[in-house]
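The structure under discussion appears below in the form of structure tokens.
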2 protein chains.
Amino acid sequence: MSDAPVTLSQVAREAGVSLATASRAINGSATRSVRADLRERVLETARRLDYSPDPSAQAMARGRTSALGLVVHDIADPYFSTIAAGVARAAEREGLIVTLSSTEHSPERELAFVELARRQRSRAIILAGSRGVPPEALPGKLPAEVVDRLQREAGALEQALTTFQQAGGGVATIGQAVGRLPVVEIDNAGGAGDLARELHRIGYRRFGVLAGPPGLRTAADRTSGFLGALAELGCPVPDRDVVRGSFTRDGGHEAMTALLGRTASAAAASEERTPEIVFAVNDVMAVGAMAAVRDAGLSVPHDVAVAGFDDIHTLRDVSPGLTTVRIPLDEISEAATSLALGRKDETPAPVRGEVVLRDSTPGTAG
Amino acid sequence: MSDAPVTLSQVAREAGVSLATASRAINGSATRSVRADLRERVLETARRLDYSPDPSAQAMARGRTSALGLVVHDIADPYFSTIAAGVARAAEREGLIVTLSSTEHSPERELAFVELARRQRSRAIILAGSRGVPPEALPGKLPAEVVDRLQREAGALEQALTTFQQAGGGVATIGQAVGRLPVVEIDNAGGAGDLARELHRIGYRRFGVLAGPPGLRTAADRTSGFLGALAELGCPVPDRDVVRGSFTRDGGHEAMTALLGRTASAAAASEERTPEIVFAVNDVMAVGAMAAVRDAGLSVPHDVAVAGFDDIHTLRDVSPGLTTVRIPLDEISEAATSLALGRKDETPAPVRGEVVLRDSTPGTAG
DNA sequence: CTGTTAGCGCATTCAT
DNA sequence: ATGAATGCGCTAACAG
């Protein structure tokens, strides 16, 4: 019925107090305090008039909003949507509004959103799946142009985040660090190494890897951790069995299809070089890879075993169960929220995942 | 380096014009216009100073923000995250900021968010998975208390949305209508009926249904559409083979487990009444149900066939492929955004899904 | 402890 | 066509 929203001054007038008092009563000012009976009267009339503050006005007066920006590559990806759920829950508790940006893997959008968050004076911003220049460890040199572009993009992003932070905003990244900014780090290399050792222990020897795209540190770290551990075990993976694909379900499908095609033709010459197990650097890729195996008329794990990384929730429903490295996404997203909001002073220790063996890698004993 | 954001007045001063002129030059006022050379000068200095407007200030001056509110039950659910992706894409095109609320199935949060959107003067709000009082058609009477609560909740939600709309905000719901508010409707009953007829055609006769919870119209409509079509085909489903569960993956798992347990014990007495096929009212429930079948040591479709509804993306990776009713979620979420933004005058025709038969329901011919 | 006042950054009305 | 002035709703100095 009532069209125009109720304002604070209406409440104040109605309650017979000044604007300032009403504000303090409702908001509980840090410095000043309000007599109990007055506060009660204000609160009561506010309730009666169904008052609630205008966030824009508060933002202007305070110089900061109560918005929490969340940046993900693709909200439809279970990995990111799980993170989003955790962040949303934490934000709700803190009374913050979540503003979402699904960048669809575009560095430009990522950057634009960070800058928007700054001028909007968002309280904090959380970056999941952030980028970073790939370490040298990444197998296969990249063209100088590509490295150049990646560096430029990473630099711009870091610069924007730093500016945001200097303007008083909180920042946290999930996955791996961007510059020296706060991060809930995932020990990707360590987890992948653990996985490699475990798979080796249960008997696998001929490995393939579905690596991610250049420019994604997370992917690069997992790849190098995996390959490094195998090399130490005296079980190196030939370059030709490391196939790049995008960090998505379809990327996994394509990479696996390519690998299968290549090894099929090679099989005639020397059967020995067919990977008996393939590690995809994340679960959505692994799931796509499993589909590719099925599409090729083969079966997991009979013809080829598969392992992933992350342990996304939807894995409960894939069959056979996918061996992976469990990352506690819920905890991590909550931790990132706390970190971004300055609830924790220091950067927490890197999260090291836990290897979870399932039916997709039964081992070679049987 | 520069800490404080650049303001319009700084740009104006720097360009040697008044605040008003700068505003008009940058924003292109509706009524007034600006001389070309001046405008160019303003634009140039704005660019040079890296000016960008403060959304809160604009919101206050204009009386409306450029925020688009999105309400979903659970952002981690693939159904909703797909919708979110579509809405995010459309919003990006429109230059709007998406504010997300993952209500975790809480009517109170839903309501709170709608009210927040009003206070915040959001441009529009999109409600996915909205509630509604279940139609009488729903099998099994509900306790009067429950009906009462549901009605109260639905009424409050509709009231809040209507108020928001009267205050100038755009509204669209996805799924089924809330009152007379704009909606991109899904013909749930029709689609479920089509599915029932198709399954009947390929030979199935003994059906079970994993129905949703009371209070969810979408679930109720699908259930009644399915049961109604079967009744017309002379193939009614006994009440005992209609099991309720929550509208989630776990709900499907539990309901299927319950159904299997019940029929297992009943099987001793009369084998005939074991459902040969079970329809879960959405895909995530169906996927949970398939897991339950596996957990019981049985197999799909050999021991029991399964069908779902929605055709969520992640279905590509379940095996065997799940028969379902395909709903074009991408189109729908874009349509809903247009509708909420008033880009379309009239409510579009209800979307009727398309039955997609896959390996989970091979039929009884073989 | 309470009230008065001055902006926050911008769009817009009114004069010019 | 341009500029000066007003106010959006609220918080935070400043007085009392």
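Protein chains get the first letters and strands the later ones, always in sequence-line order, with residue 1 at the start of each. Side-chain atoms are counted along with the backbone in the values below, which use heavy atoms only and exclude waters and symmetry mates.
Under 4.0 angstrom from either OP1 or OP2 of dT11(D) there lies at least one side-chain N or O belonging to Ser23(A). Contact annotation: Asn27(A) side-chain N/O to dC10(D) OP1/OP2 distance is not under 4.0 Å. Look at Arg35(B) and you'll find a side-chain N or O under 4.0 angstrom from OP1 or OP2 of dT2(D).
Geometrically, Arg118(B) does not engage Phe113(B) in a cation-pi contact, judged by NZ or CZ lying under 6.0 Å from the ring centre and within 45° of the ring axis.
For Ala22(B), the side-chain contact (heavy atoms from CB on, under 4.5 Å) partners two or more places apart in sequence, or in a different chain, are Leu8(B), Ala12(B), Val17(B), Val42(B). Taking Glu334(A) as the reference, Arg89(A), Arg93(A) meet the salt bridge (Lys or Arg N to Asp or Glu O under 4.0 Å) condition, with sequence neighbours excluded.
Less than 4.0 Å separates DNA chain D from at least one heavy atom of each of the following residues of residues 57-69 of chain B: Met60(B), Ala61(B). Contacts between residues 11-21 of chain B and DNA chain D, defined by a heavy-atom separation under 4.0 Å, are made by Val17(B), Ser18(B), Ala20(B), Thr21(B). Near DNA chain D, defined here as any heavy-atom distance below 4.0 Å, there are no residues from residues 40-50 of chain A.
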Q. Is there a side-chain hydrogen bond (donor to acceptor under 3.5 Å, both in side chains) between Ser9(B) and Thr7(B) once you walk through the steps?
A. CA-CA 5 Å; Ser9(B) 35; Thr7(B) 70; 3.1 Å; yes

Q. When you look at Glu104(B) and Ser106(B), which way does the side-chain hydrogen bond (donor to acceptor under 3.5 Å, both in side chains) test go after all the steps?
A. CA-CA 5 Å; Glu104(B) 302 190 358; Ser106(B) 152; over 6 Å; no

Q) Would Gln176(B) and Thr218(B) satisfy side-chain hydrogen bond (donor to acceptor under 3.5 Å, both in side chains), going step by step from the backbone distance to the final call? A) CA-CA 7 Å; Gln176(B) 79 289 313; Thr218(B) 299; 2.4 Å; yes

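Listed candidates were dG9(C), dT2(C), dA11(C). Nearest to the side chain of Thr7(B) is dG9(C).
Considering Gln165(B), Gln166(B), Gln159(B) as possible partners of Thr163(B), the one that fulfils the side-chain hydrogen bond (donor to acceptor under 3.5 Å, both in side chains) test is Gln159(B).
Ion pair Glu153(A)/Arg149(A) flagged as a salt bridge, since at least one NZ, NE, NH1 or NH2 atom sits closer than 4.0 Å to an Asp/Glu carboxylate oxygen. For Arg41(B) and Asp37(B), the salt-bridge test fails: no basic side-chain N is under 4.0 Å from an acidic carboxylate O. Ion pairing between Arg343(A) and Glu94(A) holds under the 4.0 Å rule for side-chain N and carboxylate O.
At a cut-off of 3.5 angstrom, counting only N and O atoms as typed in the model, there is no donor on one side facing an acceptor on the other between the side-chain of Arg121(A) and the base of dG9(C).
A donor-acceptor contact under 3.5 angstrom links the side chains of Arg119(A) and Ser52(B), judged on distance only.
Taking atom CD on Gln10(A) and atom C1' on dG9(D), their separation rounds to 11 Å, with Å as the unit. With rounding to whole Å, Ile26(A) atom CD1 is found 11 Å from dC10(D) atom C1'. If you take CZ of Arg119(B) and C1' of dG9(D), they are 9 Å apart, rounded to a whole angstrom. Straight-line distance from the CZ atom of Arg24(B) to the C1' atom of dA1(D): 8 Å, rounded to whole Å.
Considering only heavy atoms from C-beta on, Thr21(A) stays 4.5 Å or farther from Arg39(A) through its side chain.
Direction of the helix axis in the helix from dC1(C)-dG16(D) to dT16(C)-dA1(D) shifts by 40° between the two five-pair termini, rounded to 10°.
Put simply, CZ on Arg121(A) and OG1 on Thr65(A) are 9.5 Å apart, with the number rounded to the nearest 0.5 Å.
Of the two residues contacting DNA chain D, namely Leu38(B) and Ser52(A), the nearest-nucleotide position lying further toward the 5' end is that of Leu38(B).
Without hydrogens or angle criteria, Ser56(B) side chain to Ala59(A) main chain gives no donor-acceptor distance under 3.5 Å.
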